[in-house]
Amino acid sequence: MPDLGSVSWPPEPIRTERLVLRAARARDRPAFIELLASPEVHAHLGGPRPRDVLERELPEVPGRWPGSFVVDLDGTMIGQVLLRRPAGDRLAAVGKVDLGYLFLPEVWGLGYAAEACTAALGWLDRVLPGEPVVLATQTANAGSMRLAAKLGFTEVERFHAWDAEQWLGMRSPVTPSR
Ligand SMILES: CC(C)(COP(=O)(O)OP(=O)(O)OC[C@H]1O[C@@H](n2cnc3c(N)ncnc32)[C@H](O)[C@@H]1OP(=O)(O)O)[C@@H](O)C(=O)NCCC(=O)NCCS
């Protein structure tokens with residue numbers, strides 16, 4: 001997994017008003033399967049993976065890598081926020097940290113994704129000050145486009161890939177206060 005460099009991982013769990021962001025644990029495996037097998041979650045992400053394949057192939061603790069936050073509500077995983085440097089061919093995104101997010105449909109529309117992503121970006125600003133962050137999403141993914149705008153991402157470019165219009169946004173680095 002392309003990593004974030006020398007960040008120390010896992011961090012202490014990050015507490016927000018309603019949520020905890022933490023590293024994955026074995027008991028999150030069923031929620032990872034729900035997320036990855038959900039047709040709703042993957043409507044704009046190339047489609048879900050078959051549940052039986054996930055049951056067989058997912059590691060005992062899925063999503064255990066630096067930058068992969070499980071979002072926990074009252075002790076249960078409701079989503080994942082991902083910060084990573086994927087290999088990609090869009091010039092504006094090459095080598096940059098990329099933000100991704102996946103939440104279970106039953107918690108959409110409650111502001112949890114915005115709350116969790118804000119906390120994860122705050123963590124990134126502390127451990128890697130000055131890092132720009134990019135975000136790619138389909139323009140048809142209305143909830144994701146609204147979230148990107150709410151988080152302060154602005155459009156860099158639109159392009160066509162995987163049979164859909166894609167949006168690449170960027171969040172300028174936060175200048176550390178002295
Ligand atoms: C993209 C995704 C994370 C957005 O989730 P979401 O729950 O709609 O996002 P937010 O956390 O921003 O919540 C938004 C809504 O909660 C509402 N809300 C309700 N209570 C709230 C509260 N206490 N605080 C803030 N917002 C609240 C807001 O008004 C907002 O409504 P709006 O979108 O109609 O304006 C979700 O749809 C998802 O997981 N999709 C599948 C995965 C995916 O496509 N990922 C994108 C590619 S990386």
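Source: prediction; values computed, not measured. When a ligand or atom number is given, it counts from 1 through the structure's own listing order.
- Considering both main-chain and side-chain atoms, Gly111 comes within under 3.5 Å of ligand 1 through a nitrogen or oxygen pair.
- Nearest protein heavy-atom contact of atom 20 (N) of ligand 1 is Leu110 O, 3.4 Å.
- A 6.0 Å sphere centred on CD of Glu106 holds more than 12 heavy atoms belonging to other residues, nucleotides or ligands.
- Applying the 4.0 Å criterion to heavy atoms of Tyr112 picks out, from ligand 1, the atoms 11 (O).
- An N or O contact shorter than 3.5 Å links Asn141 to ligand 1 by distance.
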Run the numbers on Asp28 and Arg64 for salt bridge (charged side-chain N to carboxylate O under 4.0 Å, His left out), then give the verdict.
-> CA-CA 11 Å; Asp28 301 319; Arg64 191 164 57 169; over 6 Å; no

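- For ligand 1, the atoms lying closer than 4.0 Å to a non-hydrogen atom of Tyr101 are 1 (C), 3 (C), 42 (C), 43 (C), 45 (N), 46 (C), 48 (S).
- By the neighbour-count criterion of 12 heavy atoms within 6.0 Å, atom CZ of Arg27 is densely surrounded, having more than that number from other residues, nucleotides or ligands.
- With a 4.0 Å heavy-atom cut-off, ligand 1 is reached by no atom of His42.
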- Message: Go through it in stages, so that I can follow the logic: the residues are Glu131 and Lys96, the test is salt bridge (charged side-chain N to carboxylate O under 4.0 Å, His left out), and I'd like the CA-CA distance, side-chain angles, deciding distance and then a yes or no.
- Response: CA-CA 8 Å; Glu131 274 280 337; Lys96 297 209 170 59; over 6 Å; no

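- Looking at Leu45 against ligand 1, only its side chain comes within 4.0 Å, counting heavy atoms.
- Taking every heavy atom of both residues into account, Leu19 and Glu115 meet most closely at N-OE2, 3.7 Å.
- For atom 1 (C) of ligand 1, the nearest protein heavy atom lies under 4.0 Å away.
- In terms of protein heavy-atom proximity, atom 39 (O) of ligand 1 is closest to Phe103 N, 2.8 Å.
- Some N or O of Ala113 is nearer than 3.5 Å to an N or O of ligand 1, by distance alone.
- The CG atom of Leu99 sits 8.0 Å away from the CG atom of Leu82 when rounded to the nearest 0.5 Å.
- Of all non-hydrogen atoms in Met170 and Pro132, the two that sit nearest each other are SD-CB, 4.2 Å.
- Residue contacts with ligand 1: Gln138 is excluded, as none of its non-hydrogen atoms falls under 4.0 Å.
- Proximity of Leu110 to Phe103: side-chain heavy atoms (C-beta onward) are nowhere separated by under 4.5 Å.
- Regarding atom 32 (P) of ligand 1, its nearest protein heavy-atom neighbour is Arg146 NE, 3.5 Å.
- Close contacts between ligand 1 and Ala114 involve ligand atoms 10 (P), 11 (O), 12 (O) [criterion: under 4.0 Å to a heavy atom].
- Between the OG atom in Ser38 and the CZ atom in Arg49 there is a gap of 13.5 Å [rounded to 0.5 Å].
- Taking a cut-off of under 4.0 Å to the non-hydrogen atoms of Lys150, the atoms of ligand 1 that pass are 10 (P), 12 (O), 13 (O), 14 (C), 30 (C).
- For Phe69 and Trp123, the ring centers sit closer than 6.0 Å to each other.
- For ligand 1 and Ser144, the ligand atoms under 4.0 Å from any heavy atom of the residue are 1 (C), 46 (C).
- Here's the thing with Trp108: one of its N/O atoms is less than 3.5 angstrom from an N/O atom of ligand 1.
- Ranking protein heavy atoms by distance to atom 7 (O) of ligand 1, first place goes to Gly109 N, 2.8 Å.
- Each of the following atoms of ligand 1 lies closer than 4.0 Å to a heavy atom of Leu102: 39 (O), 42 (C).
- Of all the heavy atoms in Arg84 and Pro86, the pair that sits closest is O-CD, 3.2 Å.
- The shortest side-chain heavy-atom distance between Asp74 and Arg18 does not fall under the 4.5 Å cut-off.
- With hydrogens and angles left out, the side-chain atoms of Ser144 and Gln138 include no donor and acceptor closer than 3.5 Å.
- Contact annotation: the side chain of Trp108 approaches that of Val41 to within less than 4.5 Å [non-hydrogen atoms, C-beta and beyond].
- Assignment of His44 to the shell around ligand 1 is not supported, since no heavy atom sits closer than 4.0 Å.
- Shortest contact from atom 23 (N) of ligand 1 to any protein heavy atom: Arg18 NH1, 3.5 Å.
- Val41 O, 3.2 Å is the protein heavy atom nearest to atom 41 (C) of ligand 1.
- Of the protein's heavy atoms, none falls inside 4.0 Å of atom 29 (O) of ligand 1.
- Checked against a 3.5 angstrom limit, the closest N/O atoms of Gly143 and ligand 1 fall outside it.
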